[in-house]
Amino acid sequence: MNNEYEKLDIRIKKWIYQQGWLDLREIQKLAMPSVMDGKSDVLISSSTASGKTEAFFLPAINNTIDQNDGFGILYISPLKALINDQYRRLEPLCHDVNMQVTAWHGDSLVSKKEQAKKTNTGILLITPESLESLLIRRSEWVKRAFSNLKYIAIDEYHSFIGNERGYQLLSLLNRLDHVTNRINNPAPRVALSATLGDIEMATFLLRPNKKIPCTIVRNTNNSSILKIQTKGYVDPVKSSMHDVRASAEDQICQDLYKICKGTSNLIFANSRQKTELFAAQLRDLCELNNSHNEFFPHHGSLSKIHREELEARLQKETLPTTATCTMTLELGIDIGKVASVFQVSAPTSVSSLRQRVGRSGRRDSPSILRVYISEKELVENSNIVDLLRLELIQSLAIIRLLVENKWFEPSDEKQLHLSTLLHQVLAIIGQYGSIRAEQLYFFLCKDGPFQNISSSQFRLLLQNMGKEELITQLDSGELTLGVKGEKFVEHYTFYAVFNTPEEYRVVAEGKPLGTLPLDSVLMPGQNIAFCGKRWVVTDVSPASKTIMVKRSKGGNPPKFGGSPMPVHSRIRQEMFNILSNGDYRVLMGGKKIDFAEKTASELFTEAVVFFNEHNMLENTIITQGKNSYVFPWMGDKVVNTLTALLIQGGYSAGSYYGVIEIQDTEPQEISQFFINCVTKKLPTEHDLAKAVPEKQIEKFDAFIGEDLLCDEYGKKKFDCIETEEWIKKNFMQ
DNA sequence: GACCTGCTGCGGGGTG
C-alpha cells in the first residue's frame with residue numbers, strides 16, 4: 001500500500017480491507033494523487049476491469065465523505081444500464097461510509113428522486129438527458145444542489161467524443177457552471193475511458209476553454225496478452241439446385257457452434273440482421289444436437305427484458321452463454337468473463353474492435369479474438385470488390401493497426417453539429433425564459449463547445465428558428481420561445497439530441513419482443529426470425545404501430561435499416577500497404593507474426609495476384625469490361641467527394657467498399673476529368689451538398705434551413721481539401 | 001454493407 005492509501009479516511013480503508021484487497025491496482029495508485037488534489041481535470045485511461053471506477057471514486061468519496069451542503073460528486077454515464085451497475089457497486093461502500101448514492105434516470109423510482117431532492121447530499125449518478133431535463137425544469141434546485149460540487153465524472157468518455165451527444169454534454173456542463181456560479185471556480189471534470197485515440201483532442205474536448213489544466217493518467221504496463229486468429233470462408237456461387245456445398249454462413253455457424261458450445265463468448269456480427277440470423281441458426285444447431293440452447297441475440301431493437309435476462313445470465317457465469325451481438329455489448333456493462341470474442345465479417349473501425357477485444361481476457365487470462373470472414377467464390381464475372389477480397393483485406397488492415405500501431409480513429413473536429421446547437425438554443429431559452437442573442441453566441445460558441453460556428457452562421461440559425469416559430473424576439477430585443485419551440489421544449493422527447501426513427505412494436509402473446517423500423521414490409525402469414533426465435537406474423541396494425549407474432553418454424557430475420565459506417569483514410573491506406581507488400585503479418589518484438597489460417601491466407605494470395613496483375617501499385621484507375629474503377633485508397637469522405645464530382649460531371653458513378661465504379665468510360669477520360677476539376681477549382685463541400693436531395697440526418701436538421709443544412713451536410717460527408725491533394729498527388733505530378 | 005444511446009407528469013387501474 002502506498003502513501004496515497006494512507007491518506008484515505010479510516011472508513012474507506014476499512015471497506016478496502018473487508019473486500020480482501022491486498023493492494024490497490026496500478027491505475028488506482030496512479031490516479032489517486034491527481035483526483036485527491038482536486039485542482040485539475042483528470043483523464044483516466046485504462047483497460048476494462050482494471051479498476052478505473054474505484055480509481056476515481058475512492059479518492060473522490062474520500063474528499064466529499066462528510067459534505068452536507070449539496071452533492072459532492074456528479075457522475076454522468078451514457079447508459080442507464082451502466083448507472084444501475086455502478087449503483088450496485090457503490091452502494092455497499094457508500095452504506096459503510098454513511099454517504100447517500102442516488103441513481104437518477106428515466107427508469108429510476110420517483111420516490112428515490114424525491115428523497116435525493118430533499119437531502120441534496122452524496123453522489124448523483126445521471127444521464128445527460130436527465131441532467132438536461134433538470135436544468136430546464138428544476139434549475140433553482142440545481143443551483144442549490146450542485147453549487148458545492150467537488151467532482152464531475154464522465155464514464156465511457158470515448159462514447160461522447162465528437163458526436164451530437166458529446167456536444168450536448170459539454171454544453172450542459174457549461175450551463176451547470178453558470179447556474180451554480182462556478183465559472184471562475186469550476187468543479188474538476190474526470191473522464192474515464194478504456195480507448196482513447198487522440199489524447200490531445202480528448203483533453204481539449206473535456207474543457208474547450210481550458211480554464212483549468214488536465215492531468216492524464218494511463219496505466220503503464222499493459223501486459224495483457226492478445227491472441228488473434230483470422231479465418232477465411234469461401235461462399236460458393238451456386239449454379240444449380242444440385243449444388244449441395246454449404247454456404248459460408250452455414251460453415252461459419254458450424255464453427256461457431258463447435259468452439260462456443262460449453263463456454264461463454266461474444267459474437268459481434270456487425271448488423272442486427274446478421275446477429276439474429278446467427279442466433280437463430282445456432283439455436284437450431286442446439287436443438288438438432290438435443291442440447292439446451294446457449295445462444296442468444298443482443299442488440300438495440302430487442303426489448304429491455306430480453307437484453308437484461310441475457311446480461312444477467314452472462315454475469316452469473318453459472319451456465320455457458322454465448323451472445324450474438326452488435327455494439328450494445330461494446331460498452332462497460334458488467335457481463336462476467338468470456339472465453340473468446342468473435343468478429344464475423346469485417347470490423348469498420350479500429351476503436352470499436354479495440355473495445356470488443358477488451359471484453360475478453362482478464363489479468364490472468366489472455367484476450368482471444370477470432371475474426372471470421374466470408375469471401376465469394378470467384379467466377380467469370382466476379383465483382384472487383386470480391387476479386388480483391390476487400391472485406392478480408394480491411395479486416396487484416398484493422399487488426400494490424402490495432403496491434404502494431406496502437407492507433408485509433410480521431411474524432412471528426414470539422415463537423416458543425418448545428419442540430420445540437422439548435423437544441424441547445426431552445427434548451428437555454430427554456431431554462432432562463434429569455435436571453436439576448438449575443439449572450440447565447442458567447443455561451444454556446446465563443447466560450448462554449450460550438451467553436452466551429454461563425455457569428456454569421458449563428459445569426460442565420462436564429463433567423464431560421466424565427467421563421468419556423470421556434471423562437472421570437474421580444475420588444476426588449478431578447479429572444480424567447482415561439483409557439484412551436486414551446487411545444488418542443490415541453491415535450492418529454494425533447495431532452496435527447498439524437499434522432500430516433502419511428503418504429504413498430506413487435507409483440508408475442510402480449511409481451512414485447514422488441515421493435516422494427518416503420519418501413520419494414522411485413523405481412524400477416526410471413527415467417528420471421530427475431531429475438532433468436534422463429535415466428536409467424538399474425539397481425540400488423542399501422543394504427544397502434546404493433547406487429548403481433550406467434551411461435552413458428554422457419555423464417556429469416558427482417559431488415560432493420562441504418563446507414564453505413566464510414567471508414568477512415570488510415571485504414572484504406574493500410575489496406576493498400578498490405579496489398580502492395582503482399583504481407584499482412586504483424587511486427588512484434590522484431591518478429592513477424594502470422595495470424596491468418598489456411599483459407600484466409602489463400603484468399604489473401606488471390607487478392608495480391610490480382611493487385612499485381614493489374615499493377616495497382618501504379619494504376620489508380622483500372623478497367624473491367626465496359627466500366628472503370630477508381631481506387632483512391634482513402635476514407636469515405638474522399639470517396640464521397642470524388643463520386644459526387646463524377647456524378648455532377650454527368651457520369652454514372654457509385655461507390656462500394658471504398659471503390660468507385662464508373663460505367664462506360666476509359667481510365668484516361670476519368671483522370672483527365674479529375675485534373676480538369678482541380679484546374680477549374682473544385683466546388684466547395686457546401687456546393688456538393690446542394691445537389692444531394694435528402695440531407696436531413698440529425699434530429700433538428702429540418703429546422704436549420706437549406707443553406708446551413710448544406711454547410712452541415714457538406715462538412716459531414718465531403719472533404720474537398722483532402723480530395724484535391726489526392727488528385728494532385730495521383731494525376732498531376 | 002447498414003451501430004447505439006435517452007426522456008415527464010399525470011391519469012387510470014390494480015394491489016396491499
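Letters go in sequence order (proteins before strands), and every chain restarts at 1. Every heavy atom of this structure was used, including side-chain atoms; hydrogens, water molecules and symmetry mates were not.
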Query raised in the report: Start at the 5' end of DNA chain B and walk down; is the nucleotide closest to A/Thr127 or to A/Met565 reached first?
Result: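 The 5'-side residue here is A/Met565.
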
**Report entry** DNA chain B: 5'-proximal contact among A/Phe498 and A/Tyr495 (nearest heavy atom)
**Finding:**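 Between the two, 5'-proximity favours A/Phe498.
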
With a 4.0 Å cut-off on heavy atoms, is [X] in touch with a base, just the backbone sugar-phosphate, or nothing at all?
X        : result
A/Lys80  : sugar-phosphate
A/Tyr492 : base
A/Arg138 : sugar-phosphate
A/His491 : nothing
A/Thr500 : base
A/Thr493 : base
A/Thr326 : sugar-phosphate
A/Ser655 : base
A/Pro78  : sugar-phosphate
A/Tyr656 : base

Query raised in the report: Counting only N and O atoms by type, is there a donor-acceptor contact under 3.5 Å from the side chain of A/Glu276 to the main-chain atoms of A/Cys531?
Result: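 Judged by distance alone, yes, a pair lies under 3.5 Å.
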
Query - Non-neighbouring partners of A/Ser303 that pass side-chain hydrogen bond (donor to acceptor under 3.5 Å, both in side chains), sequence neighbours left out - result: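 Partners of A/Ser303 by the side-chain hydrogen bond (donor to acceptor under 3.5 Å, both in side chains) criterion, ordered by chain and then number, come out as A/His306.
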
Determine all donor-acceptor pairs shorter than 3.5 Å in which one atom belongs to a side chain in residues 652-662 of chain A; sequence neighbours excluded.
| residue | atom | partner | partner atom | Å |
| --- | --- | --- | --- | --- |
| A/Glu661 | OE2 | A/Tyr629 | OH | 2.8 |

Query raised in the report: Between A/Leu79, A/Leu82, A/Asn84, A/Ile126, which is the residue that forms a side chain to side chain contact (heavy atoms under 4.5 Å, CB included) with A/His105?
Result: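 Passing option: A/Asn84.
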
Set of residues satisfying ring-ring contact (aromatic ring centres under 6.0 Å, His included) with respect to [X], sequence neighbours excluded:
X        : result
A/His423 : A/Phe494, A/Phe700
A/Tyr713 : none
A/Phe295 : none
A/Phe498 : none

Requested in this report: Heavy atoms of chain A, cut-off under 4.0 Å: which first and last nucleotide of DNA chain B, 5' to 3', fall inside that, if you could look?
Outcome: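 Counting from the 5' end, contacts occupy B/dG1 to B/dG9.
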
Query raised in the report: What are the residues of residues 104-115 of chain A, sorted by number, that bring a heavy atom to within less than 4.0 Å of DNA chain B?
Result: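 Heavy-atom contacts with DNA chain B come from A/His105, A/Gly106.
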
Query raised in the report: Which residue pairs satisfy the salt bridge (charged side-chain N to carboxylate O under 4.0 Å, His left out) criterion with at least one member in residues 154-167 of chain A, sequence neighbours excluded?
Result: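 Every salt bridge (charged side-chain N to carboxylate O under 4.0 Å, His left out) pair that includes a residue of residues 154-167 of chain A, provided the two are not neighbours, is A/Glu129-A/Arg165.
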
